[in-house]
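Order of appearance sets the numbers: ligands from 1, and atoms from 1 within every ligand.
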Amino acid sequence: MPETILVIGGGPAGLEAARSIATIGGRAILVERRPVLGGTPDESNYAALTPRMGSAQDALDILRAGVVDPDIDVRVNTTVTGCSGTVGDFAVTLISPTGETTESVGSIIVATGFQHFDPGRETQMYGYYEHADVITLPDAEKMLKEHHFVRPSNGEAPRNVAFIQCVGSRDRRLGNEYCSKVCCGVASKEAIEIRRLLPDCKVYIFYIDMRMYGYWENEIYWPAQEQYNVTYIRGIVTEIVAKDGRLLMKGEDTTMGRPLEVLMDVIVLSVGMEPSRGTRDVAGILGIAQNKYGFIALPGEPMDVVSTSVPGIFVAGAAAGPKDLEDTIGMAGAAAVRAVGAVRGGARAGAAAAR
Ligand SMILES: Cc1cc2nc3c(=O)[nH]c(=O)nc-3n(C[C@H](O)[C@H](O)[C@H](O)COP(=O)(O)OP(=O)(O)OC[C@H]3O[C@@H](n4cnc5c(N)ncnc54)[C@H](O)[C@@H]3O)c2cc1C
Ligand code: SF4
């Protein structure tokens with residue numbers, strides 16, 4: 001009965017799941033398709049984290065240090081290409097630049113995460129690929145990480161910056177009716193950072209309604225308004241066009257019920273979360289059900305938030321839907337306990353049968 005657990009994905013969820021497995025005396029193989037651990041926050045250059053503005057780099061360093069453990073076999077540039085067997089006795093095929101191996105594992109945790117919504121999709125009218133100064137939250141993160149927030153078109157400091165919320169989320173035409181949970185907080189955090197860097201720059205957030213997650217209301221939203229004078233406007237943006245070297249935003253101020261036309265220097269699209277390619281691929285390889293959006297389905301929710309449709313295969317983090325880091329880390333710990341339990345429960349059952 002193999003006691004090893006395969007963790008697929010080396011982002012925050014996979015790192016915490018592997019660390020938790022080792023903490024409770026299990027063994028893990030952690031596979032990550034990229035050459036480095038850290039997941040989307042690393043790949044997309046997150047700077048400061050919502051809500052407390054702590055460094056994303058420091059947070060990732062802590063998570064990476066947690067998997068330096070003799071009971072965790074970390075394999076980067078590696079992914080899974082095949083799986084057979086059942087709980088307690090899965091045979092998984094792993095592929096890396098050095099070749100293909102088959103490993104025997106008792107249970108599996110899927111931690112393959114999310115990807116940012118592509119704002120250039122044809123239903124979108126924001127001109128992301130047309131206008132250099134229309135950027136996304138992760139594009140802004142990258143500049144903020146370097147403490148250098150400029151108009152990409154000319155390298156000058158912007159005088160007016162607007163965020164547009166719910167890009168790729170809460171959109172029925174697109175089929176993404178869900179809320180991505182973090183983008184209101186992340187936009188407000190970036191707005192604060194821009195105001196700190198460029199005190200003369202006016203920052204506006206155009207929203208359908210602001211959805212601040214838990215304590216983020218007090219930790220981010222009110223400080224953004226009261227201390228940093230970020231202006232929140234309830235409105236819908238229908239079009240962005242170039243005008244006089246700037247960007248003309250057209251839409252409607254829905255509080256005042258009147259048309260909206262304002263000139264901006266930089267427009268930041270608050271893109272939401274979609275299942276990553278890896279999440280979709282791994283679901284197919286493992287034969288686990290996905291929900292209508294492509295995230296891993298949780299048949300037992302709300303009471304069981306880590307079991308997939310296949311016994312012995314669990315899920316953690318944003319692979320199961322939009323999540324902030326706090327929920328990701330909590331879910332990873334729960335998945336680890338259940339994955340170790342599945343292996344040990346199987347081992348106990350096997351021992352009882354042999355007596
Ligand atoms: C713009 C933006 C900013 C955010 N900022 C914050 C913030 O400030 N604070 C906060 O709490 N949360 C924030 N979040 C949310 C945070 O990014 C997620 O909660 C977190 O990244 C989820 O971690 P994860 O490990 O589940 O997924 P990911 O971070 O996506 O990691 C998944 C990992 O799996 C790997 N992988 C995928 N497929 C395979 C495969 N087939 N084989 C092997 N490996 C694979 C990927 O390469 C990746 O390393 C933000 C989200 C967005 C969209
Ligand atoms: S968190 Fe805010 S911006 Fe993101 S989808 Fe939800 S309401 Fe829209």
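Of all atoms in ligand 1, numbered sequentially from 1 with element shown, those under 4.0 Å from a heavy atom of Ala111 are 32 (C), 33 (C), 34 (O). Against a heavy-atom cut-off of under 4.0 Å, Arg34 is close to the following atoms of ligand 1: 47 (O). Atoms of ligand 1 found under 4.0 Å from any heavy atom of Gly39, numbered from 1 in the order shown, are 29 (O), 31 (O), 48 (C), 49 (O). Listed by number with element, the atoms of ligand 1 under 4.0 Å from a non-hydrogen atom of Thr40 are 28 (P), 29 (O), 30 (O), 31 (O). Ligand-side atoms of ligand 1 in range of Ala13: 24 (P), 25 (O), 26 (O), range being under 4.0 angstrom from any heavy atom. Those atoms of ligand 1 that come under 4.0 Å of a heavy atom in Gly317, given as number and element, are 26 (O). Shown in contact with Ile8 at under 4.0 Å from a heavy atom are these atoms of ligand 1, numbered in order with element: 42 (N), 43 (C). The contact set between ligand 1 and Val186, taken as ligand atoms under 4.0 Å from a residue heavy atom, comprises 3 (C), 4 (C), 5 (N), 6 (C).
Checked against Glu193 for a salt bridge (charged side-chain N to carboxylate O under 4.0 Å, His left out), the options Arg195, Arg196, Lys189 give a single hit: Lys189.
For atom 39 (C) of ligand 1, the nearest protein heavy atom (residue, atom name, distance) is Thr112 CG2, 3.6 Å. Summary of contacts: the protein heavy atom closest to atom 50 (C) of ligand 1 is Tyr46 CE2, 3.6 Å. With hydrogens left out, the protein atom closest to atom 41 (N) of ligand 1 is Thr79 OG1, 3.0 Å, a heavy atom. Regarding atom 38 (N) of ligand 1, its nearest protein heavy-atom neighbour is Gly278 CA, 3.2 Å. Considering only non-hydrogen protein atoms, atom 23 (O) of ligand 1 sits nearest to Pro12 CD, 3.5 Å. In terms of protein heavy atoms, atom 27 (O) of ligand 1 is closest to Gly113 CA, 3.3 Å. Here the protein heavy atom with the shortest distance to atom 44 (N) of ligand 1 is Arg33 N, 3.1 Å. Taking atom 20 (C) of ligand 1 as the reference point, the nearest protein heavy-atom neighbour is Leu325 CD2, 4.0 Å.
Taken together through direct or relayed side-chain contacts under 4.5 Å among Ile, Leu, Val, Met, Phe, Trp and Tyr, Val203 and Trp222 form part of one hydrophobic cluster. Under a hydrophobic clustering in which Ile, Leu, Val, Met, Phe, Trp and Tyr are joined whenever their side-chain heavy atoms come within less than 4.5 Å, directly or via other members, Ile109 and Val282 fall into the same cluster.
Residue contacts with ligand 1, taken as heavy atom pairs separated by less than 4.0 Å, do not involve Glu141 at all. Under 4.0 angstrom from ligand 1, the non-hydrogen atoms of Val182 all belong to its side chain. Residue contacts with ligand 1 for Thr328 involve side-chain atoms from C-beta outward but no N, CA, C or O (heavy atoms, distance under 4.0 Å).
The shortest N or O to N or O distance between Trp216 and ligand 1 is not below 3.5 Å. Checked by distance only, ligand 1 and Lys323 come closer than 3.5 Å through their nitrogen or oxygen atoms. Here's the thing with Glu32: one of its N/O atoms is less than 3.5 angstrom from an N/O atom of ligand 1. For ligand 1, the polar-atom distance check finds no N/O of His116 at less than 3.5 Å from any of the ligand's N/O atoms. Remark: ligand 1 and Ala318 share an N or O pair separated by less than 3.5 Å (distance only, no angle test). Here's the thing with Phe114: one of its N/O atoms is less than 3.5 angstrom from an N/O atom of ligand 1. Close N/O approach between Thr50 and ligand 1 is found [any backbone or side-chain N/O within under 3.5 Å].
For the atom pair Glu301 CD and Asn291 CG, the distance stands at 8.5 Å (nearest 0.5 Å). Taking CG of Leu247 as the start and CD1 of Ile267 as the end, the distance is 4.5 Å to the nearest 0.5 Å. Taken to the nearest 0.5 Å, the CG atom of Asp209 stands 7.0 Å off from the SG atom of Cys166. Atoms NE2 and CE, on His148 and Met143 in that order, are 8.5 Å from each other to the nearest 0.5 Å.
In terms of modelled atom types and a separation under 3.5 Å, the side chain of Asp304 and the main chain of Val306 share a donor-acceptor contact. In this structure a side-chain-to-backbone donor-acceptor pair under 3.5 Å is present from Ser180 to Met273. Put simply, the side chain of Thr308 never gets that close to the backbone of Ile288: no donor and acceptor are under 3.5 Å apart. In terms of modelled atom types and a separation under 3.5 Å, the side chain of Asp265 and the main chain of Arg159 share a donor-acceptor contact. Side chain of Asp133 to main chain of Ser153: a donor-acceptor pair is present (N/O by atom type, distance under 3.5 Å, no hydrogens or angles). Remark: the backbone N or O of Val76 is not paired with any side-chain donor or acceptor of Arg33 at under 3.5 angstrom.
With no hydrogens or angles considered, a side-chain donor-acceptor pair links Ser276 and Thr279 at under 3.5 Å. With hydrogens and angles left out, the side-chain atoms of Thr78 and Ser96 include no donor and acceptor closer than 3.5 Å.
For atom 1 (C) of ligand 1, the nearest protein heavy atom lies closer than 4.0 Å.
When the ring pair (Phe, Tyr, Trp, His ring centres under 6.0 Å) test is applied to Phe114, the partners found at least two apart in sequence or on another chain are His116.
Contact record, Gly10 with Glu32: N-OE1, 2.7 Å, taken as the closest heavy-atom pair.
Counting only residues at least two apart or on different chains, the ring pair (Phe, Tyr, Trp, His ring centres under 6.0 Å) pairs with a member in residues 264-309 are Tyr178-Tyr293, Tyr178-Phe295. Legend: side-chain hydrogen bond (donor to acceptor under 3.5 Å, both in side chains) pairs involving residues 231-245, not counting sequence neighbours, sorted by first then second residue: Ser188-Tyr232.
The closest approach between any non-hydrogen atom of Leu37 and ligand 1 is not below 4.0 Å. Assignment of Val282 to the shell around ligand 1 is supported, since a heavy atom sits closer than 4.0 Å.
Shown here are the protein N/O/S atoms lying under 2.8 Å from atom 6 (Fe) of ligand 2, water excluded: Cys179 SG.
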| Which is it for Asp139 and Lys142 under the salt bridge (charged side-chain N to carboxylate O under 4.0 Å, His left out) test, yes or no, and what are the steps along the way? | CA-CA 5 Å; Asp139 297 332; Lys142 191 162 183 236; over 6 Å; no
